[in-house]
2 protein chains.
Amino acid sequence: MARTKEFNEDQALDKAVEIFWHKGYNGTSAQDLVTHLGLSRSSLYDTFGDKQQLFFKALKRYQIQGQDAIKELLEESENVQEAFTQIFKQAVKESLEDRITKGCFMVNSSVELAMHDENIAKVVSENRQTMEDIFLKAVQKGQKAGQISTKLDALTLSRFLYNNYSGIRVLARAGEKNKQVYDDILKAMFSLF
Amino acid sequence: MARTKEFNEDQALDKAVEIFWHKGYNGTSAQDLVTHLGLSRSSLYDTFGDKQQLFFKALKRYQIQGQDAIKELLEESENVQEAFTQIFKQAVKESLEDRITKGCFMVNSSVELAMHDENIAKVVSENRQTMEDIFLKAVQKGQKAGQISTKLDALTLSRFLYNNYSGIRVLARAGEKNKQVYDDILKAMFSLF
DNA sequence: TTAATTCAGGAACGATTGTTCCGTATTTTT
DNA sequence: AAAAATACGGAACAATCGTTCCTGAATTAA
């Protein structure tokens with residue numbers, strides 16, 4: 001009975017992730033969204049509601065995609081230590097390569113909005129908890145396999161790892177391009193394995 | 001020849017630090033500034049120029065005050081390890097106590113603005129470099145005194161320490177109130193001493 | 001006293017913000 | 001072919017943004 005959408009909703013959401021990630025919530029105007037998503041104002045509001053709702057959906061999408069990627073990598077790997085190394089080296093690589101360094105969308109949103117928007121705060125908090133769980137299971141597996149030292153218990157180590165992950169993303173967002181800085185952080189961090 | 005200012009410029013700047021720290025640059029309106037600094041629009045613009053200049057001065061002020069405090073603590077302490085412990089425990093204490101957790105003004109500004117304003121990027125970069133230097137000298141002192149392990153070289157350790165400092169401030173900004181999370185991070189981190 | 005300077009308050013500016021609405025075109029189902 | 005439904009582009013909205021300017025009162029130094 002009705003006309004079909006001329007754009008793919010998920011693809012548009014990916015575009016929203018891109019620009020919100022790059023410019024932040026307050027830094028992204030309605031016009032920015034229209035231009036970057038490539039659809040009209042009316043379609044944008046009809047499809048996604050207002051700016052807040054669109055941002056929320058974009059952040060959720062980013063969260064799920066990011067978590068799935070890391071979870072899969074850690075679960076499928078036989079050597080957990082190697083998997084962690086891969087994850088962190090990838091983060092460093094992105095930080096150095098990206099001409100426009102965006103950091104981590106979740107960290108950025110956390111700093112910009114968590115304090116003033118409890119919905120965002122909830123997502124951020126859940127995200128940290130989930131990441132902690134993912135890391136925890138991997139560390140436990142690694143300790144059982146003798147790949148990771150048992151000097152520190154798995155939960156402590158997981159929280160520590162995620163904290164360094166956040167730190168690296170802040171460094172990236174600030175535009176740090178000196179590889180040695182990142183490598184030193186990783187070197188010290190992994191010396192606890 | 002002229003009427004004297006009825007407000008203290010530095011005190012007003014401190015107020016500016018407070019509100020920019022709390023709400024960020026984009027989140028703070030001109031009206032917010034008028035209300036919180038307690039001076040009229042005209043006085044505000046006459047004294048500090050526009051919003052960008054005021055923000056810049058506020059960030060600079062925060063930087064100098066924060067750095068001086070940490071530098072002094074590390075230089076005057078006889079036991080470097082204790083001094084570092086004190087610095088990080090203080091950061092955790094602030095994170096847990098503050099009803100409105102503001103995180104670190106420098107980290108916040110880094111995430112919000114460094115990518116789009118090269119003046120801010122410069123301040124952030126210089127700040128990280130200075131903090132690295134302050135930490136470096138302290139670590140070197142601690143290693144000579146046998147208070148810190150020489151398993152890792154001083155520069156590596158310094159960069160690692162500052163990265164964890166950033167991470168903790170992000171956690172605080174996100175409103176994390178579980179002390180155990182912070183304590184675990186510190187426990188793992190200090191196990192490298 | 002006079003002149004100079006700065007204060008506070010508020011009106012007003014143009015620009016930009018997020019959002020709504022309308023007329024038209026297009027596609028799908030009956 | 002007709003009717004229903006939705007996408008589309010763009011005009012238009014009120015609100016807020018940062019900023020400027022004007023007024024008159026207050027205070028100071030000459």
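Hydrogens, waters and symmetry mates are skipped; everything else that's a heavy atom, side chains included, is used. So you know, we letter chains A, B, ... as the sequences are listed, proteins then strands, and number each from 1. No experiment lies behind these values; they were computed from the predicted model shown.
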Length of the CD-C1' vector between Q53(A) and dT19(C), whole Å: 12 Å

query: Please give, in whole Å, the distance from dA7(D) P to F48(A) CZ?
result: 11 Å

- prompt: What nucleotide, of dC21(C), dG18(C), dT19(D), holds the atom closest to the side chain of K51(A)?
  reply: dG18(C)

query: Remaining members of L155(A)'s ILVMFWY cluster at a side-chain heavy-atom cut-off under 4.5 Å?
result: L136(A)

- prompt: Mind checking what makes salt bridge (Lys or Arg N to Asp or Glu O under 4.0 Å) contact with E82(B), not counting sequence neighbours?
  reply: none

- prompt: Does F105(A) offer a backbone N or O that forms a donor-acceptor pair with the side chain of S109(A) under 3.5 Å?
  reply: yes

message: List the residues meeting salt bridge (Lys or Arg N to Asp or Glu O under 4.0 Å) with R173(A), not counting sequence neighbours, and say none if there are none.
response: none

message: Taking the axis from the first five pairs and the axis from the last five, what angle separates them in the helix from dT1(C)-dA30(D) to dT30(C)-dA1(D), rounded to 10 degrees?
response: 0°

- prompt: Which of residues 20-39 of chain B have a heavy atom under 4.0 Å from DNA chain D?
  reply: T28(B), S29(B), A30(B)

- prompt: R61(B): what forms a salt bridge (Lys or Arg N to Asp or Glu O under 4.0 Å) with it, not counting sequence neighbours?
  reply: D10(B), D14(B)

- line: Separation of dT19(C) atom C1' from D46(A) atom CG, nearest Å, is 12 Å

- line: With sequence neighbours left out, the residues meeting side chain to side chain contact (heavy atoms under 4.5 Å, CB included) with T85(A) are Q81(A), K89(A), F190(A)

query: Should S43(A) be listed as having a side-chain N or O under 4.0 Å from OP1 or OP2 of dC8(D)?
result: yes

Any residue meeting side chain to side chain contact (heavy atoms under 4.5 Å, CB included) with Q53(A), in chain and number order, not counting sequence neighbours: D50(A)

query: Which nucleotide in the list dT19(D), dG10(D), dG9(C) gets nearest to the side chain of R41(A)?
result: dG10(D)

- prompt: Within this structure, what is the CG-to-C1' distance between D50(A) and dA14(D), rounded to whole angstrom?
  reply: 16 Å

statement: Winner on side-chain proximity to Y45(B), out of dT19(D), dG10(C), dT19(C), is dT19(D)

- prompt: Any chance the side chains of R41(B) and Y45(B) put a donor and an acceptor closer than 3.5 Å?
  reply: no

task: Please report, rounded to the nearest Å, how far the P atom of dT20(C) is from the CG atom of L44(A).
output: 12 Å

- line: Hits for salt bridge (Lys or Arg N to Asp or Glu O under 4.0 Å) against D117(A), two or more places apart or cross-chain, chain-then-number order -> none

